Amino acid sequence: MSLIKRYILLLLLCLSIPLAAEEANEEQQYSLQFQTEMRAQLDKLTAELDQLADDTKKQTTITDKDLKTAYSVRTLEAKAQRLNHRMQSLNVKWDAFNASYLGFISENDTLMELMTKAQLLKQSLSDTITAQQTKCQAIRDFLAAEQIVLSQDSMYNRIYKQAFRLSFVQKLTPQLEKLKAKEQAHFTPIQEAYDKAKTAASTVPQLKERAELLSESFFTIKSRSEKIQQMQYMPLMQRFKDYLIGFACFAVIFMLFNNLTTKWQAAKQKKEAIKKQAEMLRKQQNDYPTI
């Protein structure tokens, strides 16, 4: 009986060897198929990431034409928004890929290196797109500031003349104060818009020259605003007296300046005369006969 059992066990063993070999072969084929599928997905994701990097480089370049109108800014914003949507969609795909193959990738140095490079590129692209969106908002703020600041000259001239007339009559002081309060409330958004424009110019270097022109206009308005706020009732005689004092100070300053100019010109003429005299003496010495 024991001999029969041995034959049965040997027969079973012989039958199990092909099955084990077949299972090992199937497992190897599955592993190769798994690696092929994983590598194909990785290559596809990498290609999409590289394409997004190329498109981001092209579509985030800002030219002078892009800084002209609100329409051009909207075009830049639309491009940045589309890039951001593509970035978010690609992030979802990468996250799904990591969840499926992370265990296998972590055991392969080459794949880990590729994943690290991809992660760095994704972060760089995300930062670039975010920076582009920030620049678009900065350009929009700057254009708005230009529109506000550059349109104030006529209004502030009118307010200044009105305040100047009101300051001549004491009974009109309440109206003058109301006008000053109205002007101050009007100036506040101008100041806020200018502050945003300064920040925008530091964010977008191409706006630097226009920012300098904007600053000139803004400080002209600010100076006029300060003069309006300083307006108050003053008797005509006191006003005339202050005018005479101011004129006298100007006359003294002008006289001192004229005196300094005269002395400087005299010193210059004296220096030129001495120089000419020295040249004449040198010429006379050169005219003597030599032995």
Side-chain angles (χ1 to χ4, degrees), residues 8-67 70-141 199-200 202-207:
I8 293 173
L9 291 174
L10 182 60
L11 179 61
L12 292 174
L13 181 61
C14 292
L15 292 174
S16 65
I17 290 176
L19 293 175
E22 185 177 353
E23 290 179 359
N25 187 37
E26 290 180 356
E27 183 177 354
Q28 185 178 6
Q29 289 181 355
Y30 175 77
S31 178
L32 290 174
Q33 183 180 358
F34 178 81
Q35 293 182 43
T36 302
E37 180 184 351
M38 183 204 66
R39 192 56 189 257
Q41 291 190 33
L42 179 59
D43 291 341
K44 182 180 178 181
L45 289 174
T46 302
E48 289 184 22
L49 189 58
D50 290 338
Q51 183 62 51
L52 179 58
D54 292 339
D55 293 343
T56 300
K57 185 177 180 180
K58 296 176 183 177
Q59 298 181 28
T60 55
T61 301
I62 298 177
T63 64
D64 292 339
K65 184 179 179 181
D66 297 323
L67 308 175
Y71 174 78
S72 61
V73 179
R74 286 196 296 270
T75 302
L76 282 177
E77 289 176 331
K79 290 179 181 179
Q81 189 66 22
R82 287 194 294 269
L83 290 172
N84 186 56
H85 287 162
R86 289 174 60 186
M87 185 76 253
Q88 298 301 325
S89 176
L90 198 52
N91 279 333
V92 172
K93 293 180 181 179
W94 276 98
D95 291 342
F97 178 79
N98 288 337
S100 300
Y101 301 104
L102 183 60
F104 184 81
I105 292 174
S106 62
E107 298 176 355
N108 190 302
D109 294 339
T110 302
L111 294 179
M112 280 298 297
E113 184 177 355
L114 291 175
M115 291 295 294
T116 301
K117 289 181 179 179
Q119 185 62 37
L120 292 175
L121 181 56
K122 285 197 301 174
Q123 186 61 49
S124 176
L125 290 176
S126 180
D127 293 342
T128 300
I129 295 171
T130 300
Q132 182 73 354
Q133 291 175 322
T134 301
K135 289 180 180 180
C136 289
Q137 183 60 50
I139 298 171
R140 184 179 290 278
D141 291 340
T199 303
S202 63
T203 304
V204 184
Q206 294 97 317
L207 294 172

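Since the model is a prediction, treat every value here as computed from it, not as a measurement. Counting from 1, the numbers follow the sequence of the chain as shown.
Of the inter-residue distances, the one linking D50 atom CG with T46 atom OG1 reads 6.5 Å to the nearest 0.5 angstrom. Atom CD1 of I139 is separated from atom OG1 of T203 by 9.5 Å, given to the nearest 0.5 angstrom. Between S89 atom OG and N84 atom CG the span is 11.0 Å, to the nearest 0.5 Å. Summarising the geometry, atom CG belonging to N98 is positioned 10.5 Å from atom CG belonging to N91; distances are rounded to the nearest 0.5 Å.
The aromatic rings of Y101 and F97 sit tilted, their planes meeting at an angle between 30° and 60°.
More than 12 heavy atoms of other residues, nucleotides or ligands sit less than 6.0 Å from atom CG of D127.
For the pair D141 and T199, the minimum side-chain heavy-atom distance is 4.5 Å or more. Between R39 and L42 the shortest side-chain heavy-atom distance falls below 4.5 Å. Side chains of T128 and Q123 form no contact here, defined as non-hydrogen atoms less than 4.5 Å apart. Between Q119 and W94, the closest side-chain pair of non-hydrogen atoms is not below 4.5 Å. Looking at heavy atoms from C-beta onward, L114 lies out of side-chain contact with I105 at the 4.5 angstrom threshold. Looking only at side-chain heavy atoms (C-beta outward), Q59 and Q132 stay at 4.5 Å or farther from each other. Taking 4.5 Å as the limit, every side-chain heavy atom of K93 sits out of range of all side-chain heavy atoms of Q41. The closest side-chain heavy-atom distance from T60 to L83 is below 4.5 Å.
Scanning all heavy atoms of the two residues, the minimum distance from A53 to L125 falls at CA-CD2, 3.6 Å. Considering all non-hydrogen atoms of both residues, A138 and A200 come closest at O-CB, 3.1 Å.
Looking at S124, its side chain never comes within 3.5 Å of a backbone N or O of L120 through a donor-acceptor pair. Judged purely by atom type and a 3.5 angstrom limit, Q206 has no side-chain atom pairing as donor or acceptor with the backbone of L67. T56 contributes a side-chain N or O that, together with a main-chain N or O of L52, makes up a donor-acceptor pair within less than 3.5 Å.
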Subject >> T63 and D66: CA distance, side-chain angles, deciding distance, side chain to side chain donor-acceptor pair (under 3.5 Å) verdict >> reply: CA-CA 5 Å; T63 64; D66 297 323; 3.1 Å; yes
**OP:** Evaluate the criterion side-chain contact (heavy atoms from CB on, under 4.5 Å) for residue pair R74 and R140; output intermediate values, then yes/no.
**Re:** CA-CA 9 Å; R74 286 196 296 270; R140 184 179 290 278; 3.5 Å; yes
**OP:** Walk me through it: do D55 and R82 pass the test side-chain contact (heavy atoms from CB on, under 4.5 Å)?
**Re:** CA-CA 11 Å; D55 293 343; R82 287 194 294 269; over 6 Å; no
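A salt bridge does not link E48 to R86: none of the charged nitrogens lies less than 4.0 Å from a carboxylate oxygen.
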